[in-house]
Asks: 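Here it is, the structure, as structure tokens.
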Amino acid sequence: MRIIAGERRGKKLLALEGEQVRPTTNMVKEALFNILQFNIEGRRFLDLFAGSGQIGLEALSRGAAEAVLVDANRDAIKVVQKNVEAAGFTGRARVVSSSFEGYLRGERGCFDVAFLDPPYGAGLMDKALALTAERMAPGGIILCEHGSREDLPERAGAFEKRKVYRYGRTALTSYQAAEAGEEAGGGPVLEEMSAFFANRLEGYDQHMRQEIEGAEEFYPFTAEQLPDEPGARVLDLGCGTGLELEAYFARNPQARVTGIDLSPDMLGALRKKFPEKDLTLLEGSYFETPLGEAAFDGAVSVESLHHFPAGQKRELYAKLCRALRPDGAFVLTDYFAESPWHEEEYFRELARLKSEQGLAGEGFYHYDTPLTVEHEAAVLREAGFSQVEVLKNWGATYTLKARR
């Protein structure tokens, strides 16, 4: 058991042993923090039924200001205390040995985020949820882990059920208050893509490096797959602030890079990073920007293309394949769906949100709709790439290399 992201990434944690113990799996933990995204940093976090404390410690590693870890099991509390000390979070973590009911009835503070994970089928969730809702700050989020066949109540005080995410036998259900700045039907308010990144430019690099599992490894690994000949021409789709280019320019200072991105703010930050490098930066959609014929020795995209459907990607990849020289390759490092069911669910949810929020047309909105690795590879082959191989993965992030 480890912390998977943030300032204590990779830190080993002690596990709580016993027949009744059911720790949150890495897949569900990663999904949990993907749901929370930017709602962790600086927030007060409650880990109820803490077990080993891994969720509360993960929140602290990802920037939570404080975490309160509660459990009634004395053996669990001993493990939590050891994990808090080992992770170096004694100043920001409070460990409480108490029943959930006793603690919540006595707590006078409020939480921004709460995670509830009582024993499955024990009949504790409804009461814990109702009491937790009374201790939430305005705009707070409650996430509950439970068995996938267990249905949770539609409301808990002022909080409404927003979304159920299923992962095999496990499910996560989210709750938010109706006035929490979201649409009545539930789910995030969709933001236009360039506006989304402009609003998060400050701290973006740190977020990507610390919050995405494996980021410290996959950026340099991706750069290692790109052409190392001096003067090589490389195309970067969705270049953002150029995190992958930091490692690439360190390896190939004379590379000539063309970057395409929707966000002028991101491109401005990239230009400031590399004022002396041979950079051609194009503001716009890579779906619409002409790429030329046999113009590039290589191409790359990192954490950008998981927002688009297969048909749109197929057209882009066909254009990209033609833009590469005969021995060129496209290196794709991105986030992928766990299964075909999850892939379909992401697109269904996006369609629902767009319908409820009155967003018509094919505008670019920031919402994750990743394909599975297998589907992505198939789309690349259909677009004309002769060979597609999976090189490595870090959790749900994979690096693929597609050769023309």
Side-chain angles (χ1 to χ4, degrees), residues 1-9 11 13 15-16 21-64 66-71 80 83 87 93 111-120 125 128-129 132 136 140-148 150 152 156 159 161-176 180 182 186-188 207 210-215 306 335-339 342 345-346 349 367-368 370 394-397:
M1 186 183 296
R2 297 173 183 266
I3 294 175
I4 61 176
E7 61 181 292
R8 297 292 191 273
R9 182 193 306 110
K11 179 66 181 177
L13 301 175
L16 182 63
V21 175
R22 179 195 41 74
T24 300
T25 65
N26 277 345
M27 184 185 78
V28 174
K29 181 162 64 172
E30 187 170 345
L32 165 69
F33 285 96
N34 282 340
I35 293 165
L36 292 171
Q37 293 192 24
F38 291 93
N39 291 304
I40 292 293
E41 191 167 352
R43 307 303 174 93
R44 190 168 190 243
F45 191 99
L46 172 64
D47 185 358
L48 206 59
F49 309 97
S52 66
Q54 65 158 327
I55 299 299
L57 294 173
E58 186 75 35
L60 289 172
S61 182
R62 293 170 184 251
E66 179 191 4
V68 179
L69 303 98
V70 182
D71 207 291
V80 173
N83 282 334
F111 296 93
D112 302 296
V113 183
F115 175 67
L116 280 56
D117 182 20
Y120 287 7
M125 182 67 85
L129 183 56
T132 299
M136 297 303 293
I141 301 171
I142 304 173
L143 277 165
C144 305
E145 180 177 339
H146 54 96
S148 59
E150 184 180 358
L152 302 195
F159 281 69
K161 183 192 290 187
R162 293 302 181 92
K163 183 80 169 70
V164 180
Y165 308 81
R166 301 187 191 278
Y167 309 93
R169 296 179 180 178
T170 302
L172 294 171
T173 296
S174 64
Y175 288 83
Q176 280 190 283
E182 301 207 10
H207 168 79
Q210 294 188 357
E211 305 298 322
I212 308 301
E213 183 181 3
H306 59 269
Y335 161 54
F336 292 95
E338 303 95 317
S339 69
H342 287 95
E345 182 66 14
Y346 290 130
E349 180 65 5
Y367 189 84
D368 292 351
W394 302 262
T397 299

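What you see is a predicted model; the values in this text were computed from it and never measured.
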Asks: The criterion is side chain to side chain donor-acceptor pair (under 3.5 Å); which residues satisfy it with R43, sequence neighbours excluded?
Replies: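 Side chain to side chain donor-acceptor pair (under 3.5 Å) check on R43 returns nothing, list empty.
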
Asks: Could you check whether any side-chain heavy atom of E30 comes within less than 4.5 Å of a side-chain heavy atom of I35, counting everything from C-beta outward?
Replies: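 Of all side-chain heavy-atom pairs linking I35 with E30, none is under 4.5 Å.
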
Asks: Roughly how far apart are N34 CG and L172 CG, rounded to 0.5 Å?
Replies: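 Taking CG in N34 and CG in L172, the distance rounds to 11.0 Å.
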
Asks: Using side chain to side chain contact (heavy atoms under 4.5 Å, CB included), reason through S52 and L13 one step at a time and then give a plain yes or no.
Replies: CA-CA 8 Å; S52 66; L13 301 175; 5.6 Å; no

Asks: Is the closest side-chain heavy-atom distance between F111 and V113 below 4.5 Å?
Replies: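 Counting from C-beta outward, F111 and V113 never come under 4.5 Å.
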
Asks: Considering residues at least two apart in sequence or located in another chain, which fulfil the side chain to side chain donor-acceptor pair (under 3.5 Å) criterion with S174?
Replies: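 None.
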
Asks: Under the ring-ring contact (aromatic ring centres under 6.0 Å, His included) test, which residues partner F49, sequence neighbours left out?
Replies: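 Listed in chain order: F100.
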
Asks: Out of curiosity, L36 CG to I141 CD1, how far, rounded to the nearest 0.5 Å?
Replies: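 That separation rounds to 5.5 Å.
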
Asks: Can you tell me how far CZ of F115 sits from CG of D47, rounded to the nearest 0.5 angstrom?
Replies: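 Those atoms lie 6.5 Å apart.
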
Asks: Does any non-hydrogen side-chain atom of F159 lie less than 4.5 Å from one of I142?
Replies: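 Yes; the side chains approach each other to less than 4.5 Å.
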
Asks: Please confirm whether the backbone N or O of A128 pairs with a side-chain atom of T132, one donor and one acceptor, at under 3.5 Å?
Replies: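 Such a contact is found between T132 side chain and A128 backbone.
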
Asks: Quick one: list whatever passes side chain to side chain donor-acceptor pair (under 3.5 Å) with K29, sequence neighbours left out.
Replies: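 Scan of K29 (side chain to side chain donor-acceptor pair (under 3.5 Å), adjacent residues dropped) gives Q54.
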
Asks: Could you grab the distance from atom OG1 of T170 to atom CD of E145, nearest 0.5 Å is fine?
Replies: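 The OG1 atom of T170 sits 5.5 Å away from the CD atom of E145.
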
Asks: What do the steps show when you test H146 against L152 for side chain to side chain contact (heavy atoms under 4.5 Å, CB included), and what is the final call?
Replies: CA-CA 9 Å; H146 54 96; L152 302 195; 3.5 Å; yes

Asks: Should F45 and I40 count as side-chain neighbours, where that means a heavy-atom distance under 4.5 Å?
Replies: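 The answer is yes, as the side chains (C-beta and beyond) meet within the 4.5 Å cut-off.
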
Asks: Taking it one step at a time, do Y165 and V28 satisfy side chain to side chain contact (heavy atoms under 4.5 Å, CB included)?
Replies: CA-CA 10 Å; Y165 308 81; V28 174; over 6 Å; no

Asks: So do the side chains of D112 and N39 get within less than 4.5 Å of each other, counting heavy atoms only?
Replies: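 No, side chains not in contact.
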
Asks: Working to the nearest 0.5 Å, report the span between CZ of R8 and CG of N83.
Replies: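 The distance works out to 13.0 Å.
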
Asks: If every non-hydrogen atom of K161 is compared with every non-hydrogen atom of T173, which pair is closest and at what distance?
Replies: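 The answer is CG-CG2, 3.6 Å.
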
Asks: Kindly compute the distance separating CZ (R9) from OG (S61), expressed to the nearest 0.5 Å.
Replies: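 Reported to 0.5 Å precision, the distance equals 7.5 Å.
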
Asks: Taking the side chain from D71 and the backbone from G51, do they hold a donor-acceptor pair closer than 3.5 Å?
Replies: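 Yes.
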
Asks: Using only atom types and a distance under 3.5 Å, with no angle test, would you say the side chain of E58 pairs donor to acceptor with the backbone of A5?
Replies: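 Yes, because the side chain of E58 sits within donor-acceptor range (under 3.5 Å) of the backbone of A5.
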
Asks: Only counting residues at least two apart or in another chain, list the ones meeting side chain to side chain contact (heavy atoms under 4.5 Å, CB included) with R166.
Replies: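 In terms of side chain to side chain contact (heavy atoms under 4.5 Å, CB included), with neighbours along the sequence ignored, R166 is linked to S148, D151, V164, A171, W341.
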
Asks: Between L116 and L143, is a side chain to side chain contact (heavy atoms under 4.5 Å, CB included) present by the stated rule, with each step listed?
Replies: CA-CA 6 Å; L116 280 56; L143 277 165; over 6 Å; no

Asks: Which residues satisfy the side chain to side chain contact (heavy atoms under 4.5 Å, CB included) test with D368, sequence neighbours excluded?
Replies: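 Result, side chain to side chain contact (heavy atoms under 4.5 Å, CB included) vs D368: Q37, H306, H307, Y335, H366, P370.
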
